[in-house]
There are 2 protein chains.
Amino acid sequence: MVTRDDVARRAGVSVAVVSYVINNKAVVKEATRQKVLQAIRELGYNPNLTARSLKTKRTNQIGVLFNNIGNSFETGIALGLEQKAREYGQSLIFQTFAPEEEDNLKMIFMGRTDAIIAFGQSLKTETVDHFAKVGVPLFSIMTPELRHESVPFVDIDWLAAYGKLADHLAGLGHKRIGFMGNRLREKHHDVRLRFLRRALEARGLEFRDEWLLRGTFGTLESAYDAMSNRLAEGDELPFTAIVCANDLMAIGVLSACRDRGLSVPDRLSIASSEDILMASHTSPAITTIHYPRRRIGYATVDAIVAHLKNGTPLESFAADYEIVIRQSTGRARD
Amino acid sequence: MVTRDDVARRAGVSVAVVSYVINNKAVVKEATRQKVLQAIRELGYNPNLTARSLKTKRTNQIGVLFNNIGNSFETGIALGLEQKAREYGQSLIFQTFAPEEEDNLKMIFMGRTDAIIAFGQSLKTETVDHFAKVGVPLFSIMTPELRHESVPFVDIDWLAAYGKLADHLAGLGHKRIGFMGNRLREKHHDVRLRFLRRALEARGLEFRDEWLLRGTFGTLESAYDAMSNRLAEGDELPFTAIVCANDLMAIGVLSACRDRGLSVPDRLSIASSEDILMASHTSPAITTIHYPRRRIGYATVDAIVAHLKNGTPLESFAADYEIVIRQSTGRARD
DNA sequence: TTGTAGGCGTTATCAT
DNA sequence: ATGATAACGCCTACAA
């Protein structure tokens with residue numbers, strides 16, 4: 001490995017000068033600067049980032065806690081994070097978060113990461129405190145079910161968004177609206193259920209627990225199974241429309257309806273949340289709430305880097321959203 | 001930040017002993033071991049990984065070069081990589097590879113990464129040499145278009161796989177088979193085209209350049225556009241079946257057919273490559289080649305870690321595949 | 001404008 | 001069984 005010492009020797013200067021050149025610090029005489037650059041080129045030198053981090057106490061690495069890296073909603077956000085991070089010269093370390101391994105996070109990230117981005121996970125107070133103590137700011141994309149004062153987050157205004165969606169459905173004559181959500185653990189989905197409920201109730205629309213279907217981990221398959229089982233029971237569905245916590249689940253529900261011969265939207269309207277690409281390529285295409293993944297990714301990295309560099313306070317903020325009406329919602333069947 | 005010195009002081013031992021305990025090296029008397037562990041617990045100490053890396057010259061980080069992190073084919077592989085990496089205590093650093101920024105890779109990874117996994121990208125000889133020189137092994141998932149002796153890779157046997165697919169289509173009476181691939185840059189797709197061509201020719205089936213459609217970056221939208229434009233030309237399609245370089249493109253093709261009123265598989269059979277989840281949830285579901293993403297991820301990390309730890313040579317190997325026949329392929333229309 | 005030297009938190013080699 | 005202490009490669013006062 002060629003080190004800074006080698007460069008200094010080759011260029012006939014001290015190691016300090018090499019550093020100055022690399023980080024264009026002190027005013028180095030142009031002639032020596034060229035000598036150093038020349039030596040760097042000849043030797044193919046690259047500064048060792050680990051050594052630099054040790055000294056500067058900046059790793060230029062940001063940890064990202066996925067729930068499931070196979071979910072295109074999360075990777076859509078990651079796309080934005082990654083792009084912006086690159087602009088700032090930051091690298092991203094991805095970890096899939098497993099609650100039972102939460103304690104390992106401290107080890108995994110110790111001294112490795114300048115900040116951590118969570119995806120709506122509810123971390124233990126102990127974990128949050130730990131990162132606060134070691135000076136690694138935490139930021140969440142999506143509302144964590146268990147909020148910590150010290151963990152700011154970005155999310156869309158689900159209450160307002162589901163309100164608009166409820167208005168859309170009510171306008172089509174729907175009075176009984178079900179929900180396809182998650183069996184615990186994926187906390188942010190419960191957040192969505194809570195807000196849908198409140199949005200419905202604010203409009204005088206009832207929500208019953210019997211109208212709640214549940215899958216796991218936001219997967220297509222689990223939603224498919226849940227809906228299939230529901231339809232297999234034979235009796236008429238108790239609701240005329242269903243809102244899904246995410247598009248993958250909506251696609252699962254749609255698949256189940258197709259396989260069971262239930263026509264969408266004639267017999268059942270399906271609406272969803274997130275607006276991943278595939279939601280617009282099913283047939284019928286799915287009415288959903290557009291979640292600005294890319295922009296949220298950008299804004300998050302912007303905020304974190306500003307905080308790291310200038311001490312700008314890292315604060316929660318809201319992202320905008322949009323209701324995208326497609327063909328999966330139609331007039332209520334009765 | 002609480003360091004090893006703090007622990008040593010608290011436990012009333014030397015810093016060396018703390019290291020011994022942490023890395024259970026030399027035989028430490030049980031009593032002192034407990035004292036040290038106690039101190040560690042009380043102080044909430046975690047070893048600084050950056051400092052450790054500097055000394056040991058092992059970062060326990062593996063770089064991963066995505067083409068597009070939003071593509072679920074790649075994240076499916078990443079899922080396997082990540083899971084296995086976690087078992088070995090390795091972290092993954094994800095970077096989206098952009099050819100025009102290839103030179104930055106050296107900076108980004110310098111001293112940060114013990115190995116690098118590429119996703120079929122064709123790196124410049126200079127880049128390959130650089131990592132060889134600094135002792136960072138390179139491994140590719142998917143065949144790189146431009147092979148380097150020193151870069152082993154894993155892939156399925158596309159020639160055999162497309163051979164089987166060709167047999168399937170020929171069995172349905174298809175004689176003219178088109179291809180939806182990529183406009184350069186995404187090198188591994190060209191690999192697929194090349195092998196399809198050879199597989200067809202080996203069976204006495206013609207392939208004409210006019211039957212080649214092209215999208216960009218393997219995206220659904222680009223394939224949708226390409227197919228839509230082709231259909232807009234009005235005349236009969238010159239082929240009765242089309243093979244797509246990946247499932248996202250196949251879904252784009254299918255969408256275009258639906259929107260243009262071309263019935264699949266009655267008027268056109270669609271086959272594809274990769275078998276992402278969504279390929280089985282379109283209507284009709286798509287006939288495709290199953291690519292064992294998860295297992296490839298596992299095997300790759302296994303091989304790399306074995307190489308890093310025991311010097312086991314890092315060699316190319318083949319993964320198995322499977323043809324999954326679904327409803328998007330049917331009898332040829334004439 | 002350039003050089004010297006201390007220190008970042010570890011590990012590991014020697015002594016003890 | 002434990003303790004000093006020299007690296008690891010870099011940055012940055014401070015000195016020259």
Side-chain angles (χ1 to χ4, degrees), chain A residues 1-37 39-40 43-61 89 106-107 109-114 134-136, chain B residues 1-37 39-40 43-61 89 106-107 109-114 134-136:
Chain A
M1 166 185 269
V2 27
T3 75
R4 202 198 35 171
D5 284 39
D6 301 322
V7 175
R9 209 168 309 122
R10 175 88 160 218
V13 298
S14 79
V15 290
V17 175
V18 179
S19 274
Y20 296 150
V21 171
I22 289 172
N23 308 313
N24 25 353
K25 275 291 170 60
V27 198
V28 179
K29 195 166 42 164
E30 184 57 23
T32 37
R33 220 178 73 85
Q34 288 307 331
K35 262 195 311 190
V36 171
L37 290 175
I40 288 179
L43 295 169
Y45 167 75
N46 285 288
N48 182 309
L49 301 180
T50 295
R52 177 178 291 175
S53 293
L54 182 58
K55 181 66 190 177
T56 61
K57 304 204 164 301
R58 273 272 177 278
T59 61
N60 296 316
Q61 298 193 128
K106 295 190 285 232
M107 309 288 283
F109 285 141
M110 188 61 194
R112 272 259 147 101
T113 252
D114 296 337
V134 297
V136 174
Chain B
M1 166 185 269
V2 27
T3 76
R4 199 201 35 177
D5 283 41
D6 301 321
V7 176
R9 209 169 309 123
R10 175 89 159 216
V13 299
S14 81
V15 290
V17 174
V18 179
S19 269
Y20 296 152
V21 171
I22 288 172
N23 308 313
N24 24 350
K25 276 292 171 59
V27 198
V28 179
K29 195 167 40 165
E30 183 57 23
T32 38
R33 220 178 74 84
Q34 288 307 333
K35 263 195 311 188
V36 172
L37 290 175
I40 288 178
L43 295 169
Y45 167 75
N46 286 289
N48 182 308
L49 300 180
T50 294
R52 178 179 296 184
S53 293
L54 181 59
K55 183 65 189 175
T56 61
K57 305 201 164 303
R58 271 272 178 278
T59 61
N60 295 317
Q61 297 194 128
K106 296 189 285 231
M107 310 286 283
F109 285 141
M110 187 61 194
R112 272 259 147 101
T113 252
D114 295 337
V134 297
V136 174

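Here is the naming used below: chain letters follow the sequence lines, and residue numbers restart at 1 for every chain.
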Set out, line by line, the N/O atom pairs under 3.5 Å between protein and nucleotides 14-16 of chain C.
none

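Boundaries of the chain A contact region on DNA chain D are D:dG9 to D:dC14, first to last in 5' to 3' order (nucleotide atom under 4.0 Å from a heavy atom).
The distance from atom CZ of A:R112 to atom P of C:dT10 is 13 Å, rounded to the nearest whole Å.
Counting any heavy atom pair closer than 4.0 Å across all strands shown, B:V13 reaches sugar-phosphate atoms only and no base atom. When heavy atoms are screened at a 4.0 angstrom cut-off, B:N46 is found touching the sugar-phosphate backbone but no base atom. Using a 4.0 Å heavy-atom criterion, one finds that A:T32 contacts the sugar-phosphate atoms exclusively. Across all strands, A:T3 comes closer than 4.0 Å only to sugar-phosphate atoms, never to a base (heavy-atom distances). Residue A:R4 is in base contact, counting any heavy-atom pair closer than 4.0 Å across all strands shown. B:N23 comes within 4.0 angstrom of the backbone, heavy atoms only, and of no base.
If you find the closest nucleotide of DNA chain D to A:V17 and to B:K55, the one lying nearer the 5' end belongs to B:K55. Residue whose closest nucleotide on DNA chain C sits further toward the 5' end, between A:E30 and A:T56: A:E30.
Listed nucleotides: C:dG9, C:dA12, C:dA5. Nearest to the side chain of B:A16: C:dA12. Side-chain proximity of A:K57 to C:dC8, C:dT10, C:dA5: nearest is C:dC8.
Not counting sequence neighbours, B:T50 has no partner by the side chain to side chain donor-acceptor pair (under 3.5 Å) test.
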